[in-house]
Amino acid sequence: MTELWSAPVIERTEPDLVADERTSIEQWLDYHRATLLTKCAGLTAEQLKQRAVPPSRLSLLGLVRHMVEVERWWFRMYAAQEDIGFPYDPDSVGLDFEEIDEADAAADLAAFQQECEAARDAMAERSLDDVVRAKGEPPRRDRDVRWIFVHMIEEYARHNGHADLLREAIDGLTGG
């Protein structure tokens, strides 16, 4: 009998209670990144693909794939101005959420971790006060790097709420 793959358990580190602004922002973002992976831990590929709350089309794997693209957009394409595309959804029409039936869950979780690392690298030398020129958005909406980090924390917080509901519908696990 073949052993089924399941998403690895992730160790999540609590943010420091006292820290400078940059450290605090980075730790909270990493905490939320790890929270999403925690919601996936121990589930099989099929469970990660399960659309657990009809009529919604959300799934845990879809959320992971979406966050790969969100990380890439805000940190690498927008803030670092890298000339790269989206891995799942070149036209940004929702394929990151939708095209999961044939997706490789293990590869997608690895891609998420790689994208987070690439985002860290892209922001390592940027100051929170650096202003980033808008990319293809009329009217022009320049932002500072601080705004991008705070927005990403908000994005994860919202989607981690979705992940809580999805995970509970799959196997009853709550919290964390």
Exercise. Where the side chain of Gln81 meets the backbone of Tyr78, is there a donor-acceptor pair that is under 3.5 Å apart?
Worked result: yes
Exercise. Short question: side chain of Asp16, backbone of Ala19 - any donor-acceptor pair under 3.5 Å?
Worked result: no
Problem set entry | side-chain contact (heavy atoms from CB on, under 4.5 Å) partner of Leu48, the single match among Leu109, Val64, Leu166 | Leu109
For this session: List in chain and number order the residues that pass side chain to side chain contact (heavy atoms under 4.5 Å, CB included) with Ser56, two or more places apart in sequence or in another chain; answer none if no residue qualifies.
Result: Leu58
Problem set entry | Qualifying salt bridge (charged side-chain N to carboxylate O under 4.0 Å, His left out) pairs, either residue in residues 72-86, two or more places apart | Arg72-Glu115, Arg76-Glu82, Arg76-Glu115
For this session: Just jot down the side chain to side chain contact (heavy atoms under 4.5 Å, CB included) partners of Asp171, sequence neighbours excluded, or say none.
Result: Leu43, Arg167, Leu173
Seminar exercise, completed: Applying salt bridge (Lys or Arg N to Asp or Glu O under 4.0 Å) to Asp130 and not counting sequence neighbours gives Arg126
For this session: Using the rule that two of Ile, Leu, Val, Met, Phe, Trp, Tyr join whenever any of their side-chain heavy atoms come within less than 4.5 Å, decide whether Leu36 and Leu165 are in one cluster.
Result: no
Exercise. For residues 92-101, which residue pairs qualify under salt bridge (charged side-chain N to carboxylate O under 4.0 Å, His left out), counting only residues two or more places apart or in two chains?
Worked result: Arg57-Glu98
Exercise. With a 4.5 Å heavy-atom cut-off, do Lys49 and Ser59 have their side chains touching?
Worked result: no
For this session: Applying salt bridge (Lys or Arg N to Asp or Glu O under 4.0 Å), name anything that partners Arg65, two or more places apart in sequence or on another chain.
Result: Asp108
For this session: Could I get the full list of side-chain hydrogen bond (donor to acceptor under 3.5 Å, both in side chains) partners for Glu46, not counting sequence neighbours?
Result: none
For this session: Compare every heavy atom of Leu60 with every heavy atom of Ala163, then report the nearest pair and how far apart it is.
Result: CB-CD2, 3.6 Å
Problem set entry | Pairs touching residues 148-169 that satisfy ring pair (Phe, Tyr, Trp, His ring centres under 6.0 Å), sequence neighbours left out | His66-His159, Trp74-His151, Phe75-Phe149, Trp147-His151, His159-His162
Exercise. Side-chain heavy atoms under 4.5 angstrom apart, residues restricted to Ile, Leu, Val, Met, Phe, Trp, Tyr: same cluster for Met152 and Val131?
Worked result: no
For this session: Return the set of residues passing side chain to side chain contact (heavy atoms under 4.5 Å, CB included) with Glu125 (not counting sequence neighbours), or none when no residue passes.
Result: none
Exercise. So, for Pro87 and Val68, which heavy atoms are closest and what is the spacing to 0.1 Å?
Worked result: CG-CG1, 3.8 Å
Exercise. If you look at every heavy atom in Trp5 and Ala105, which pair is closest and at what distance?
Worked result: CZ3-CB, 3.8 Å
For this session: Starting at CH2 of Trp73, measure out to CG of Asp89 and round the result to the nearest 0.5 Å.
Result: 13.0 Å
Exercise. Listed by chain and number, what are the side chain to side chain contact (heavy atoms under 4.5 Å, CB included) partners of Ala79, not counting sequence neighbours?
Worked result: Met123, Val132, Ile148
Problem set entry | Distance (rounded to the nearest 0.5 Å) between Ser127 OG and Asp144 CG | 8.5 Å
Problem set entry | Nearest-0.5 Å distance, CG of residue Leu37 to SG of residue Cys116 | 7.0 Å
Exercise. Once you round to the nearest 0.5 Å, how far does CE of Met77 lie from CD1 of Ile84?
Worked result: 6.0 Å
For this session: Could you pull out the closest heavy-atom pair between Pro8 and Ala41, with the gap in Å?
Result: O-CB, 3.4 Å
Seminar exercise, completed: Which of Gln27, Arg33, His32 passes side-chain hydrogen bond (donor to acceptor under 3.5 Å, both in side chains) with Asp30? It is Arg33
For this session: Please list, chain by chain and in numerical order, all residues satisfying salt bridge (Lys or Arg N to Asp or Glu O under 4.0 Å) with Glu117, sequence neighbours excluded.
Result: Arg120
Seminar exercise, completed: The reported gap from CD1 in Ile10 to SG in Cys40 (rounded to nearest 0.5 angstrom) is 9.0 Å
Exercise. When you measure from the side chain of Gln47 to the backbone N and O of Ile170, does any donor-acceptor pair fall under 3.5 Å?
Worked result: no
For this session: Please list, chain by chain and in numerical order, all residues satisfying salt bridge (Lys or Arg N to Asp or Glu O under 4.0 Å) with Glu21, sequence neighbours excluded.
Result: Arg146
